[in-house]
Amino acid sequence: MIKNAKQYFAYFIFLPADFKNKKKMSFFPKIFFQHEVEEYLTKVFRNRELITALGTQEAESKYQSLLSHLSHPPAFSAVRVNTHLASVKHVKKLLFEEIQKQFKGLCVPVLEHPKLQDILLIPVIGPRRDLKKHASEVIVGAQCGYAVLRGAHVYVPGIISTSRFLKAGDLVSVYSDIEGKCRKGAKEFEGVKVFLGNGISELSRSEIFSSKGPSNGLGIRMVEPVYLSPSFDNVLPSQLFLQNLPSVVVSHILNPQPGERILDMCAAPGGKTTHLAALMHDQGEVIAMDKIANKVKKIKQNAELLQLNCIKAFCYDGTKALSVEKREDEQEGPPFLPESFDRILLDAPCSGMGQRPNMAYTSTLKEVTSYKPLQRKLFTVAVKLLKPGGVLVYSTCTITLSENEEQVAWALKTFPCLQLQPQEPHIGGEGMRGAGLPLDQLKLLQRFDPSAVTLQGMDINSLQDFREDDLISLANKDCIGFFIAKFIKSNSK
């Protein structure tokens, strides 16, 4: 348990900017890629346009910084307030009380974002290097490990291995198997593992791995995580939605209006869908599509939980959502006639390289490059479904040129009816060079690049030294990698 917070927290990743001549060292290793993917990315971030603009040394420095950032969690947890049901001020007060309870009285601020009035930001404390490691170990899968680094406890499905004599109530050290090489039920693991912190086991080893044991539920309650971030499990579930900051920005940029008909083409799990509905004051129609049935079920559950009634979710492939002729059945779902929507959000399936934390990216180059043609199919359908004068927002949570700026260049060439538009709010950086887009168009794009800020840790003492404006600026930059483009359709051709 945390007795004296100041004893535990230390400023460990990078030293402040005025100590640039000192040695800098990341807490976690840089993200690992398969060799062919690493070669591909190296070419992307050393492209001729970029080198010409920045110089070889700066371009290389930014790329290496990006790789380090990707293996660490963002500097802030971001939650979106469901303004349909509660005011930001009210939820802020309740959340502050909850965090004090979780952190044993440690005073961590809850910040309101000046340009995103429905988002609250909580600084992440850590990493903590002085945590004692215990003899009893629990190994969890990579995805479970990433969730732990962002404030989650360990649930039974995420546990891969435990020490031989683990009992309920034992204090354990939790590690992530980032390469996926630990055998389920193993009693020890000597492979590559990353320390996530310490917790108390809620179950014995036999209960965890018994065929008659619980298949879900809490397995390890984290009491000393490497990164101290609030757990949002069952915290104000109808009033809060845990969402990355750039994902909140997207809905504001689409700027849906009450009474409009909106399409969210690839909507699961429904964070942006429910945000769009809330921004419209639940007046109008938000059509949400996803081609996986369980994901559509999740959208419906989130809409019901947040009490938003204007959302209609359908299990449907977005590439087939365009109907060439009017149907006889009067069905309200897809496929839809051309020019059916006032605004469309295409948060496209992508390679996901901007997600944080991620220490080992396992996809092959073939998988990485498979998204580009799919994104173009979806984009083509979106353009045809959009009304003249309508707005189309395209976004991804990845860092490649081919899925971001190159797609914008292709879209502007392929669809003369589309024009790039300024984005509001614009709190990320401009687009990345390398796709042949002129500077004025790059400035209209929004790329959230974690390497834009020095990778640094946060302890409770250094937190007190920051001005609120500086913390907001850090939150805008030290987030996931993300890309946004906004278009307007000028005519129906």
Side-chain angles (χ1 to χ4, degrees), residues 17 62 65-66 69-70 72-81 83 88 92 109-124 150 240-256 271-272 275-276 278-279 343 345-348 350 353-356 391-399 403-405 408 420-433 437 439-456 458 463 466-488:
K62 281 177 66 66
S65 176
L66 176 62
H69 277 77
L70 290 176
H72 296 78
F76 290 78
S77 295
V79 291
R80 176 174 58 81
V81 177
T83 52
V88 174
K92 179 182 178 180
V110 177
L111 306 173
E112 294 180 51
H113 197 290
K115 292 188 176 181
L116 301 165
Q117 284 78 19
D118 50 5
I119 197 173
L120 296 172
L121 298 165
I122 304 98
V124 173
R150 299 201 69 175
L240 285 182
F241 199 97
L242 185 60
Q243 205 166 356
N244 288 303
L245 184 144
S247 297
V248 177
V249 173
V250 167
S251 299
H252 282 286
I253 288 169
L254 189 66
N255 193 26
K272 298 179 186 69
H275 191 192
L276 294 171
L279 289 174
R343 299 173 198 257
L345 173 59
L346 175 51
D347 186 50
C350 69
M353 290 187 187
Q355 295 289 5
R356 298 173 61 193
V391 173
L392 168 61
V393 170
Y394 172 83
S395 63
T396 73
C397 58
T398 197
I399 59 176
E403 297 172 79
N404 296 328
E405 288 84 357
V408 171
L420 271 181
Q421 294 293 296
Q423 299 182 30
E424 181 58 40
H426 199 299
I427 58 180
E430 62 186 36
M432 179 177 162
R433 290 172 171 85
L437 294 170
L439 186 57
D440 61 333
Q441 291 184 339
L442 290 177
K443 288 181 177 180
L444 294 175
L445 305 175
Q446 190 162 194
R447 177 183 272 258
F448 288 84
D449 176 7
S451 69
V453 64
T454 301
L455 185 59
Q456 60 185 35
M458 186 87 70
L463 181 58
F466 278 98
R467 295 183 303 120
E468 185 167 320
D469 288 351
D470 293 332
L471 288 173
I472 297 296
S473 178
L474 180 61
N476 289 342
K477 295 179 174 64
D478 196 349
C479 53
I480 66 169
F482 206 87
F483 177 83
I484 310 171
K486 178 182 180 181
F487 304 87
I488 191 166

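Source: prediction; values computed, not measured.
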**Request:** Mind running side chain to side chain contact (heavy atoms under 4.5 Å, CB included) on Ile119 and Phe76 for me, showing each step along the way?
**Result:** CA-CA 12 Å; Ile119 197 173; Phe76 290 78; over 6 Å; no

**Request:** Report, as yes or no, whether the 6.0 Å neighbourhood of atom NZ on Lys92 holds more than 12 heavy atoms from other residues, nucleotides or ligands.
**Result:** yes

**Item:** Interatomic spacing from CG in Asn255 to CZ in Arg343 - rounded to 0.5 Å
**Value:** 5.5 Å

**Message:** Please evaluate residues Phe487 and Leu420 with respect to the criterion side chain to side chain contact (heavy atoms under 4.5 Å, CB included), reporting the C-alpha separation (whole Å), side-chain torsions for both, the decisive distance (0.1 Å), and the verdict.
**Reply:** CA-CA 5 Å; Phe487 304 87; Leu420 271 181; 3.7 Å; yes

**Item:** Distance-minimising heavy-atom pair for Ala78 and Leu242
**Value:** O-CD1, 3.3 Å

**Prompt:** Do any N or O atoms from the side chain of Arg80 and from the backbone of Gly271 form a donor-acceptor pair under 3.5 angstrom?
**Reply:** yes

**Asked** Rounded to the nearest 0.5 Å, how far does CG of Leu346 lie from CG of Leu254?
**Response** 11.0 Å

**Prompt:** Are any of the side-chain heavy atoms of Pro256 and Leu345 separated by less than 4.5 Å?
**Reply:** no

**Message:** Return the CD1 to CG distance between Ile427 and Asn476, rounded to the nearest 0.5 Å.
**Reply:** 4.0 Å

**Prompt:** Once you round to the nearest 0.5 Å, how far does CD of Gln421 lie from CG of Leu445?
**Reply:** 12.0 Å

**Closest approach of Ala475 to Leu245 (non-hydrogen atoms, all atoms of both residues)** = O-CD1, 4.1 Å

**Message:** Are the side chains of Phe482 and Thr396 in contact, using a 4.5 Å heavy-atom criterion?
**Reply:** no

**Message:** If you compare all heavy atoms of Pro425 against all heavy atoms of Ile253, which two are closest, and at what distance to 0.1 Å?
**Reply:** O-CD1, 3.9 Å

**Asked** So, for Gln423 and Lys486, which heavy atoms are closest and what is the spacing to 0.1 Å?
**Response** NE2-N, 3.9 Å

**Prompt:** Are side-chain heavy atoms of Asp118 and His275 found at a separation under 4.5 Å?
**Reply:** yes

**Asked** If you measure from CG on Leu437 to CE on Met432, what distance do you get to the nearest 0.5 Å?
**Response** 12.0 Å

**Request:** Test side chain to side chain contact (heavy atoms under 4.5 Å, CB included) on Val81 and Leu240 and set out the steps.
**Result:** CA-CA 5 Å; Val81 177; Leu240 285 182; 4.2 Å; yes

**Request:** Please list, chain by chain and in numerical order, all residues satisfying side-chain hydrogen bond (donor to acceptor under 3.5 Å, both in side chains) with Asp347, sequence neighbours excluded.
**Result:** Lys272, Ser395

**Message:** Test your reading of the model: is there a side-chain donor-acceptor pair from Gln446 to the backbone of Ile484, 3.5 Å cut-off?
**Reply:** no

**Complete:** CD1 (Ile122) and CG (Leu471) are apart, to the nearest 0.5 Å, by 12.5 Å

**Item:** Ile399 versus Gly354, closest heavy-atom pair with distance
**Value:** CG2-CA, 4.0 Å

**Asked** Got His252 and Lys115 here, is their nearest side-chain heavy-atom distance under 4.5 Å?
**Response** no

**Item:** Pro109 to Pro123 - nearest heavy-atom pair and separation
**Value:** O-CD, 3.2 Å

**Prompt:** Taking atom types as modelled and ignoring hydrogens, do the side chains of His72 and Asp478 form a donor-acceptor contact shorter than 3.5 angstrom?
**Reply:** no

**Prompt:** Is there a donor-acceptor contact under 3.5 Å from the side chain of His69 to the main chain of Gly481?
**Reply:** no

**Message:** Quick check: do Glu430 and Leu439 have side-chain heavy atoms less than 4.5 Å from each other?
**Reply:** yes

**Sub-4.5 Å side-chain heavy-atom contact between Met458 and Val124** = no

**Asked** With side chains defined as the heavy atoms from C-beta onward, is the minimum distance between Asp449 and Lys62 less than 4.5 Å?
**Response** yes

**Prompt:** Is the shortest heavy-atom distance from the side chain of Cys479 to the side chain of Asn244 under 4.5 Å?
**Reply:** no

